[in-house]
Amino acid sequence: MRTPARSGTIADVGRRARITRSGAVLGHVLVLAVALATTAGCTVSRQEPGQATAAVADALAQAGSAVETTRLTVRLLDADRVTTPVADAAVLDQVRVLEESTSALTTLVPPDDVSSAQRDAGLVAVADATREVVAARAWVAREAGGDLSEAGAVPLTASELQADLARAADDLDTALALAGGA
Amino acid sequence: MKRLLGVALGILTAIGGFVDIGDLVTNAVVGSRFGLSLVWVVVVGVVGICLFASMSGRVAAVSGRATFEIIRERLGPRAAGANLAASFAINLLTLTAEVGGIALALHLASSVEPRLWIPVAAFAVWLVLWRVKFQVMENVAGLLGLLLVGFGVALFLLGPDWGELLRQAVPPSPPATEHVATYWYYAVALFGAAMTPYEVFFFSSGAVEEGWTAKDLAQNRVNVLVGFPLGGLLSVAIAACAAVVLLPAGIEVSSLSQIVLPVAEAGGTLLLALVIVGIVAATFGAALETALSSGYTLAQYLGWSWGKFRRPARAARFHVTMVVALLLAVAILMTSVDPVAVTEMSVVFSAVALPLTYVPILLVANDPEYMGEHVNGRATNALGMVYLVIVVAAAVAAIPLMIATGAGS
Amino acid sequence: MSRDDSPPTGVRVVDVRLHLLSRQVLDVDGEPVTTVDDLELVAADAPEDGRRDAVPGEPAEVGAILTGPVLLTRLLGGRPPASRWEPVPWSDVGHVGTAIELTVQADSLDVHWTEDWLREHVVGRIPGGRHDPEEES
Amino acid sequence: MILGDLLDARVLGPGGENLGFLVDVRLALDTLPDGGPSDRDGRHHPGGAAGEADPDDAHPDDRALSQGVRRRDRVGRARVVGVLVSPRTGTSFLGYERTDVTAPWPVPQLVRRRHRGTFLVPWDDVAAVAPGEVRLAAGYRREDAALP
C-alpha cells in the first residue's frame, strides 16, 4: 500500500491536532472549575478580616461539642444505657477532637490584640476542658473495671464528674461569646 | 408462597443494603448540624437511585452488557479511560471508607484499636469474595444490616416533638448558625451518599451475570422501588435521632461513636448492641459491593472475564484487581487517616462522579440497538432528564462548595 | 481461514465506531476474551496465503480484531509495530450483536497471556482459587 | 492498515482543501444463514452457573431478556464501504446523525445539529491515507450518511 513514509510532518500534525483538541477540552474544564471555585469562595465569611476570630470561634465550638458528647456519654454510662467499649471509644474520640481544637488555636497567628486575647482565653478554656474529658476517660475506665482506684485525679462519682464537665462547658461558652460566636 | 418469600427477602436485603457508611455518617452529621432541614435531599436522592438502578438493571438485562462495557462502547477508549480512572479512584475511596467503617464498628463492639481491626476486616472481605456463595453473602449482609432499623425504634422511644421535626423539614429551615454554602455542601454530600455509583456497577453486573429474565427484572424492580425508599426512611431515622439528641446539646458529629449515642439514650445497651451489629453488617456488605465494583469497572473496560459466579481461576485478573484494591484501601487506612473524614470525602466525590455513569446509561436506555422494544418510556425520560440536570448541577457544584466551606467545617 | 462457505444471505451495514469498536468479544462458550481495541484492514479477495495490507480506493475488508498494546497507543497516540498486535482473525467471528461472539475457544487464541499467567502463578495457587463459588464446599 | 490510522484523521479534498474529520468507517457485513456449523445452542450468558439449560422452547418469561439483542446474524466477511466525514469531530461516536433515535430529548437533536453536514465517501474515492490525514480522489462522491 502507499504507506506513508514516516516522514514525521504529517504524522506530527495529526497527532498534535488530536492532543490540542483533548487539551482544549481539559482547559475549558479547568477554567470553569477555577472560576466557580473563586466565585463561590468570595461568598464565604472566611475571606473577611475577622478570619482569626472566626477560627477561634470554630475551634471553641468544636471543643464545646466534645465536652457535650462527654457529658452525654457519662450520663448514659452512669445509667447503664451504654456499653463501656462504646463509652470509652466516644470519650477517646473527644480527646482527639480537643487535640485538634488545641492545635487549631496554637497554630493560629492572631493579626491584632483583640483576636490575640480571644485566642488566649480560648486556649485556657480548651485546656481546662481537655483536663476534664481526660478525667472522664479515667472514670469510664474505672467503671469498666480497670483498676485505677489509686489514681488520685479520678473523680469518685458521676455527679462530681458531671459538675466538672458542666463548668468546663460554661467556660468554653464564655470564651466563645468573647470570640463573637453564638 | 415461596415466590412471596423470595420477594420479601429481596426487599429486605435491598433495605439493609441501602445504608452504608456514607449514608450513616452523612445523615448523622447533617442531623446533628441541620436537624431535618435536609430531608428533602434524601427524598431527591432516593427517587434518583430508584430511577438510576432500575434503568441500569434494565439496560444490563436487555442488552446483556454491564455498565462499564456500555461506557466504553459509547464513549470510546479515551473518554471512557478517563471515566474509568475517576470512577475507579472514587470507588477505591468508598471501599476505604467501608473497610474503615467495619473497623470502627468493631472497635465500638470490642474496644480493640481500629488499626488492629483494619487488616482483619479487609481479610474477611477478601475471604468472602473468594469463597462464599454469592447469594448467601448478599442475604446475610442485607438481613443483618436490617438491624439498623434500631435507629427507627430509637426515634420512637425518644418520643420527640414530631411537630417540631416536621417544621424543620417542611419547608426546609436550616439553623441560622450555619452558613448557606455549608448547607448546600451537605446537600451535595447527602445526594452523593444516597446515589453512590458503585451500587449501579454492582446492580448491572449482577443482572448480566445472572442472565435476568423478564420475571427477574420485574422482581428486581420491586426490590428497588420498595426497598430503596424504605432504606431512605432508615437514613432519615438516623438523621432524626441525631437531630433530637445531639443537635440541642450542641454536639457536632465527627465520629462513629457519637452516631450511636442517641440509640443508647433511647434503647439502652441491648438496642445499642443490635445497632452496632447492624453497622458492621451494613459496612461489610457495602465493602463487598465496592470491592466487586473495582473489579467490575476495570474488567469490563478491558474486556476481561469477570464475575462472582466464576471460579477465581477463571477470572484471574478480576480477582487480582479486587485484592489490589483491598490492599490499597488498607494502606490508605494505615496512614492513620480518619475513616470518617475519608467517608465524607467519598460521598462528595461520588456526587462528582455521578454524571460519568448516569449519562451513558440514560443514552443507551434510549437506543433501540441495545434495548429493542425495552427503550425508556416518555415518563422515564422526562424524569431522567430532570435528574440529568440535578446530577450535573451537583457534580459541578461539589468541588467549589468543598473548597469554599473548607469541607463543611 | 476456516470460514464456512455457505453463501451470504444478505448484507448488514454497520459503522465501525458505532457497532464494533470497544465491544466485548466473547468466545464460543460465552467467556469474555477481550474488547475490540482496533481492526486491521486487508485487501479483499487476496489469495489465502498471501494476505496483503489494504490499499485506499481498492476493495478492502476486515482482516482481524486487534487488542493489547493497540489500546494504549489509541489512548496516547502513535501506533505499535505490527509484531505487538494481538490479533483475532476475523474468520473466527461468528455473531455480531451487542457483543462479538467468536466460533473458537479463548484458550486457542494467544491474546490471553496475562490472564493465563496470573491464573497459573497467582490465583490458581491460593487455596480455593479453583473452587466453584456456587458449589457447596 | 489499522483503523486507528483512519479515525479522527483530517480529511482533505483532492486539491488539499479541508473537509473536516473522518469520524467513522462503514462496513458491509455478509450475513450467513443461521444454524450453520459454527452455531451452537445453549450458550447465552457469560455466567456459567446461570447459563445452562434455557431450552429454546422454555416459556418466554424464563429466558434471559438479553437473548433478544445479544445474538444477531451470523456474519461472514466485513467489507469496507466507505468513510464518514463530519465537518466537526468529537461527540460523533454517539452516532445520532446517522440514526433516527429521538430520545432522550433534547440530546439527539443537539448532537445532530452539531454534526449537520456529515457525509459518506465511498472507499473507491479515497486516494491516500497517511497518519492523521486522508486525501480524497478527484471527483469524489458525497453520499447520505444515514444508516439504512
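Letters A, B, ... mirror the listed sequences (proteins, then strands); counts begin at 1. None of the values given here were measured: they were computed from a predicted structure. Side chains included, hydrogens not; waters and symmetry mates left out as well; all remaining heavy atoms used.
Remark: C/E115 CD to B/R317 CZ distance equals 4.5 Å, nearest 0.5 Å. Between atom CD of residue B/E69 and atom OG of residue C/S22 there is a gap of 11.0 Å, rounded to the nearest 0.5 Å.
You'll find the side chain of B/E369 reaches within 4.5 Å of the side chain of C/H19, heavy atoms only. The shortest distance between side-chain heavy atoms of C/T34 and B/L302 does not fall below 4.5 Å.
Counting heavy-atom pairs under 4.5 Å between each of B/A80, B/A82, B/A316, B/G307 and chain C puts B/A316 at the top.
Here the side chain of C/R119 pairs a donor or acceptor atom with the backbone of B/A313 at under 3.5 angstrom. Judged purely by atom type and a 3.5 angstrom limit, C/Q24 uses its side chain to pair as donor or acceptor with the backbone of B/G303. Using a distance-only test at 3.5 Å, with no hydrogens or angles considered, a donor-acceptor pair links the side chain of C/T98 to the main chain of B/S63. Judged purely by atom type and a 3.5 angstrom limit, B/W130 has no side-chain atom pairing as donor or acceptor with the backbone of C/I126.
Interface remark: B/Y301 contributes backbone and side-chain atoms alike to the contact with chain C (heavy atom separation under 4.5 Å).
Using non-hydrogen atoms only and a strict 4.5 Å limit, no part of residues 281-292 of chain B faces chain C.
Between C/D37 and B/R72, at least one side-chain N (NZ, or NE/NH1/NH2) sits under 4.0 Å from a carboxylate O, which counts as a salt bridge.
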Report task. Check step by step if salt bridge (Lys or Arg N to Asp or Glu O under 4.0 Å) holds for B/R310 and C/E31. Result -> CA-CA 10 Å; B/R310 288 198 165 82; C/E31 288 284 312; 3.2 Å; yes
